[in-house]
Amino acid sequence: MDFKFLVDTFFVALSGVPTALIITIISLLIALPLGFLLALTRINQIPVLQRFAQVYVSFIRGTPVIVQIFIVYSSVPLFLTSIFEKYHIDKNVYDINPIWYAFIVFSINTTAIMIEIFRSAISTVSKGQLEAAYSVGLTNVQALRRIIIPQVLVTALPNICTATVNLIKATSLGYAMSLQEITLRAKVAANVGYNYVEAYIDIFLVYLILCSLVEYLFKRYEKRLSKYKIAHA
Amino acid sequence: MLEIKNIHKSFGQNEILKGVDLQIDKGDVVVILGPSGSGKTTLLRCINFLEKADEGYANFGDINVHLKTASKKQIHVIRQKTAFVFQNYNLFNNKTALENVTEGLIIGRKVPKAEAAEIGKKALDKVGLSEKYDAYPSQLSGGQQQRVGIARAVALNPDIILFDEPTSALDPELVGEVLTVMKNIAKEGTTMLVVTHEISFARDVANRVVFMDGGMIVEEGPPNEIFSNPKEERTKQFLKRVLPEDYIYYI
Ligand SMILES: Nc1ncnc2c1ncn2[C@@H]1O[C@H](COP(=O)(O)OP(=O)(O)OP(=O)(O)O)[C@@H](O)[C@H]1O
Ligand SMILES: [Mg+2]
């Protein structure tokens with residue numbers, strides 16, 4: 001065991017954290033509102049969108065993320081090339097930072113998960129509260145924002161936490177598109193002297209620390225949001 | 001003050017309301033009686049636009065609204081004039097008792113926060129919950145929750161309060177406290193349209209009783225007339241089932 005390598009590579013792996021985090025954050029920023037809206041279409045039985053959400057969820061959840069990555073990573077460049085040619089844009093698709101593909105794949109993927117999470121969370125808030133909100137003069141948007149969403153969030157938060165942790169871990173698959181994230185950086189460092197065990201330990205530790213931290217933050221936020229529940233009579 | 005004309009409502013092939021007319025004057029306490037499934041809840045919901053009627057008009061003083069084609073603005077105006085007390089209370093679980101009461105004032109009616117808090121506290125005092133301003137619904141008994149529900153309606157100072165079986169989800173020992181609160185606000189001259197199976201409330205508080213069956217109003221009149229001298233056979237049959245023995249005996 002090469003301890004100096006172990007320590008050095010730990011920091012190499014750590015330098016991939018911002019990449020993992022930015023992919024996680026962008027994906028969540030897209031998937032949270034979109035997933036919520038699509039979940040609403042299923043609850044409110046809006047015909048076409050509801051069906052779309054259903055098919056979308058079963059497609060995404062029924063296929064491995066790594067396959068989704070291969071599909072996006074191989075098809076989007078082809079698609080872009082034809083667009084660039086058509087509009088005479090002088091740009092090479094292979095100069096595009098793979099992080100953009102990661103945004104696409106993980107947003108698509110996380111949205112499907114959020115639809116499922118919100119769908120079950122919304123069904124725990126009674127329709128009666130929505131009607132009560134209307135009856136005291138709140139608009140649809142006001143009722144959602146002030147009454148429904150706060151309660152849905154509390155119910156959904158533990159699942160959103162799990163999904164976020166899974167997402168962080170799943171960004172490690174980004175190495176398949178040569179994304180400069182935690183796993184790839186450490187592996188590249190290991191290639192030089194074949195110190196794979198040390199590198200994997202580092203990768204392991206970095207994800208462990210990162211995910212524990214995220215879980216801790218979620219727990220604290222959950223506590224704050226759910227103060228109305230704790231005092232159960 | 002409120003006149004309802006010819007309300008029709010179907011769910012799919014099922015015609016639930018088959019042309020209901022109702023006139024309510026200021027200060028009236030009107031009780032609707034009727035067997036399960038006769039359309040009582042649906043009628044109240046149509047008046048408050050929680051359900052969209054297929055046909056019919058609501059006439060509120062100077063405002064006349066076609067229920068089916070009402071605009072968002074008209075619906076908002078009617079909702080400002082009505083308040084609803086639900087069978088299952090439907091309190092906002094993420095808000096304290098006081099916030100439940102002030103939500104409609106602050107957000108729905110743009111009343112300044114401090115003023116809304118004053119009104120809200122007064123409404124909660126009125127229903128005997130002065131100690132519970134900051135309690136969340138999960139910390140309250142069913143009877144207390146329903147009293148918050150009533151305070152939420154009262155605070156809006158509506159022209160009429162619609163009650164849909166406000167005591168039927170409660171344990172028997174909690175029914176009394178809610179009925180007492182309802183009696184008190186009736187005494188203050190609040191206009192009320194109440195669906196209930198509490199015959200004592202109808203007898204003691206209502207100035208009119210409406211008997212509904214099969215989506216229509218079968219008979220209506222002052223309580224003593226309806227209870228002691230019903231004209232329609234369907235009313236008689238229904239009353240025989242719901243009136244306490246001793247009451248029948250009186251008749
Ligand atoms: N949203 C709905 N969709 C389909 N059918 C409905 C709906 N709401 C009510 N109904 C039906 O309409 C009929 C009348 O219902 P309503 O709730 O108005 O009766 P009710 O007089 O209030 O009865 P109860 O005393 O049991 O509360 C019932 O047969 C019910 O199944
Ligand atoms: Mg009913």
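Keep in mind that the numbers below use all heavy atoms, side chains included, and drop hydrogens, waters and symmetry copies. Chain letters run A, B, ... following the sequence lines, proteins first and then strands; every chain starts at 1.
- For B/Q23, the CD atom is densely surrounded, since the number of other residues' heavy atoms within 6.0 Å is greater than 12.
- Only the side chain of B/K110 comes within contact range of chain A, with heavy atoms under 4.5 Å apart.
- Atom CD1 of A/I26 has more than 12 neighbouring heavy atoms from other residues, nucleotides or ligands inside a 6.0 Å radius.
- Put simply, of A/P150, A/A133, A/S126, A/A132, the one with the most heavy-atom pairs under 4.5 Å next to chain B is A/A132.
- Counting non-hydrogen atoms of neighbouring residues, nucleotides and ligands closer than 6.0 angstrom, the OH atom of B/Y133 exceeds 12 such neighbours.
- Counting only distance, with no hydrogens or angles, the side chain of B/N94 and the backbone of A/S226 share no donor-acceptor pair below 3.5 Å.
- In A/K127, the NZ atom is not crowded: 12 or fewer heavy atoms of neighbouring residues, nucleotides or ligands sit closer than 6.0 Å.
- Of the two parts of B/L156, only the side chain, counted from C-beta on, holds a non-hydrogen atom closer than 4.5 Å to a non-hydrogen atom of chain A.
- The CZ atom of B/F86 sits 4.0 Å away from atom OG of A/S135, with the distance rounded to the nearest 0.5 Å.
- Of the candidates B/R109, B/R152, B/R79, B/Q80, B/R152 is the only one forming a side chain to side chain contact (heavy atoms under 4.5 Å, CB included) with A/V136.
- Heavy-atom pairs under 4.5 Å with chain A were tallied for B/F84, B/F92, B/Y89; the largest tally goes to B/F92.
- Summarising the local packing, OH of A/Y175 is surrounded by 12 or fewer heavy atoms from other residues, nucleotides or ligands at distances under 6.0 Å.
- Neither the backbone nor the side chain of B/K72 has a heavy atom closer than 4.5 Å to any heavy atom of chain A.
- For the residue pair A/Q129/B/N90, the side-chain donor-acceptor check at 3.5 Å is not satisfied.
- Within a 6.0 Å sphere centred on CZ of B/F11, heavy atoms belonging to other residues, nucleotides or ligands number more than 12.
- When heavy atoms are compared at a cutoff of 4.5 Å, A/E131 approaches chain B by way of both its backbone and its side chain.
- Counting heavy-atom pairs under 4.5 Å between each of B/N100, B/I107, B/L50, B/L91 and chain A puts B/I107 at the top.
- For NZ of B/K122, the number of neighbouring non-hydrogen atoms (other residues, nucleotides, ligands) closer than 6.0 Å is 12 at most.
- Interface remark: B/T82 contributes backbone atoms only to the contact with chain A (heavy atom separation under 4.5 Å).
- Distance check: A/I147 CD1 to B/E103 CD gives 4.5 Å after rounding to the nearest 0.5 Å.
- In this structure, CG on B/N48 lies 12.5 Å from OH on A/Y134, to the nearest 0.5 angstrom.
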